[in-house]
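Below is one structure, written out as structure tokens, with a few remarks after it.
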Amino acid sequence: MSHAAFYAEQGLAHVGSTDQPAGKPAREASARTRKLFVLLHGAYGSSFLSKFHTGQLGDDRQDKGVRMAMLVWDSALARYSDEVVELAVDRIKRASPEFAPTLPMFERECEAAQPAQTYAQQQGWTALPAPQVQPVQVNLPRRDDGKDWARRILARVERGDKSISRYARCSAEMAMGLRKSMS
């Protein structure tokens, strides 16, 4: 599970830096996190923002507690794509319409909303390209008896074409009377 202290440290890493001009906030939360807070405030009202409200206003006339919470949430949710965060918002509003989410609750929804990955994707392995199998071209005279397709398939199989499926080969053999059933 994630550690709140780690996210707080990440979120507040540049707050105390001295190379910022006076009166300008040291670091802002991303636009995505600001929109997320607006959306959650709209959905849950003051019960969401009151979790973070301290009553102390910064130079930018914004509550310091809300601003720090935005930085912590911004740092914690940085590893998720915008689509995952949007899906998590929808899921959490449906799952808990009366109670505003905490950061761990929201992170759980983001984890659940992550697209499934294969083992190879989780390990960072690159996929091999699909093999390039060139179909064997055959030129047979047309007999117009409705079995030309089967003759073409069987001629390709005889010439070693590996792109013909077992079903297609069996169907062609049945059409030509070389096989009685698909088994």
Side-chain angles (χ1 to χ4, degrees), residues 1-134 162-163 165-168:
M1 211 45 160
S2 42
H3 301 287
F6 171 77
Y7 291 128
E9 181 180 326
Q10 292 294 317
L12 303 176
H14 301 291
V15 170
S17 103
T18 57
D19 54 346
Q20 293 289 331
K24 184 173 180 180
R27 182 171 178 260
E28 289 286 327
S30 69
R32 178 177 77 170
T33 303
R34 289 192 307 267
K35 288 177 187 175
L36 174 64
F37 268 59
V38 168
L39 192 104
L40 291 174
H41 180 252
Y44 294 102
S46 62
S47 68
F48 177 70
L49 289 183
S50 66
K51 291 181 177 193
F52 315 113
H53 182 71
T54 61
Q56 298 177 352
L57 298 179
D59 295 337
D60 57 355
R61 308 287 300 154
Q62 187 180 22
D63 188 275
K64 287 181 179 181
V66 173
R67 185 166 162 256
M68 293 303 127
M70 281 186 183
L71 292 174
V72 171
W73 279 57
D74 192 34
S75 182
L77 300 178
R79 66 179 183 220
Y80 301 110
S81 69
D82 292 343
E83 293 81 21
V84 168
V85 171
E86 287 178 24
L87 185 58
V89 168
D90 291 339
R91 290 172 63 150
I92 205 132
K93 286 193 311 187
R94 274 182 278 142
S96 177
E98 59 279 337
F99 300 110
T102 61
L103 179 58
M105 288 171 59
F106 197 80
E107 284 181 302
R108 273 195 304 272
E109 287 301 324
C110 286
E111 283 295 324
Q114 285 275 64
Q117 291 185 329
T118 65
Y119 178 76
Q121 290 171 328
Q122 291 173 353
Q123 301 304 316
W125 297 343
T126 57
L128 295 174
Q132 299 296 321
V133 179
Q134 297 296 327
K162 301 292 185 197
S163 68
S165 70
R166 180 180 183 276
Y167 180 79

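For Trp73 and Tyr80, the distance between ring centers is not under 6.0 angstrom.
Arg32 contributes a side-chain N or O that, together with a main-chain N or O of Leu77, makes up a donor-acceptor pair within less than 3.5 Å. At least one donor-acceptor pair closer than 3.5 Å links the side chain of Gln121 to the backbone N or O of Thr118. With hydrogens and angles ignored, the 3.5 Å screen pairs no side-chain donor or acceptor of Asp74 with any backbone N or O of Thr33.
Qualifying side-chain hydrogen bond (donor to acceptor under 3.5 Å, both in side chains) partners for Arg91, counting only residues two or more places apart in sequence or in other chains: Glu109.
Residues Val84 and Pro115 form a side-chain contact, since some pair of their non-hydrogen atoms from C-beta on lies under 4.5 Å apart. Side-chain contact between Glu86 and Val89 is absent, with no heavy-atom pair separated by less than 4.5 Å.
Residues Leu71 and Glu28 come closest through the heavy atom pair CD2-C, 3.8 Å. Ala113 and Ala88 make their closest contact through CB-N, 4.4 Å (heavy atoms, listed as atom of the first residue, atom of the second, distance). Pro101 and Tyr44 get closest at one heavy-atom pair: CD-CE1, 3.5 Å.
Ring-plane geometry between Tyr119 and Trp125 is classed as perpendicular, the angle between the planes exceeding 60 degrees on a 0 to 90 degree scale with a lower cut at 30.
Taking CG from Asp90 and CG from Leu39, the interatomic distance works out to 8.0 Å, rounded to the nearest 0.5 Å. Summarising the geometry, atom CD belonging to Gln114 is positioned 10.0 Å from atom CG belonging to Leu87; distances are rounded to the nearest 0.5 Å. Note that CZ of Arg108 and CD1 of Ile92 are 8.0 Å apart. Values are rounded to the nearest 0.5 Å. In this structure, Arg34 CZ and Arg67 CZ are separated by 11.0 Å, a value rounded to the nearest 0.5 Å. With values rounded to the nearest 0.5 angstrom, Phe106 atom CZ is found 6.0 Å from Leu40 atom CG.
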inquiry  = Test side-chain contact (heavy atoms from CB on, under 4.5 Å) on Val38 and His41; report intermediate values, then the result.
reply    = CA-CA 5 Å; Val38 168; His41 180 252; 5.7 Å; no
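Within 6.0 Å of CD on Gln132 lie no more than 12 heavy atoms contributed by other residues, nucleotides or ligands.
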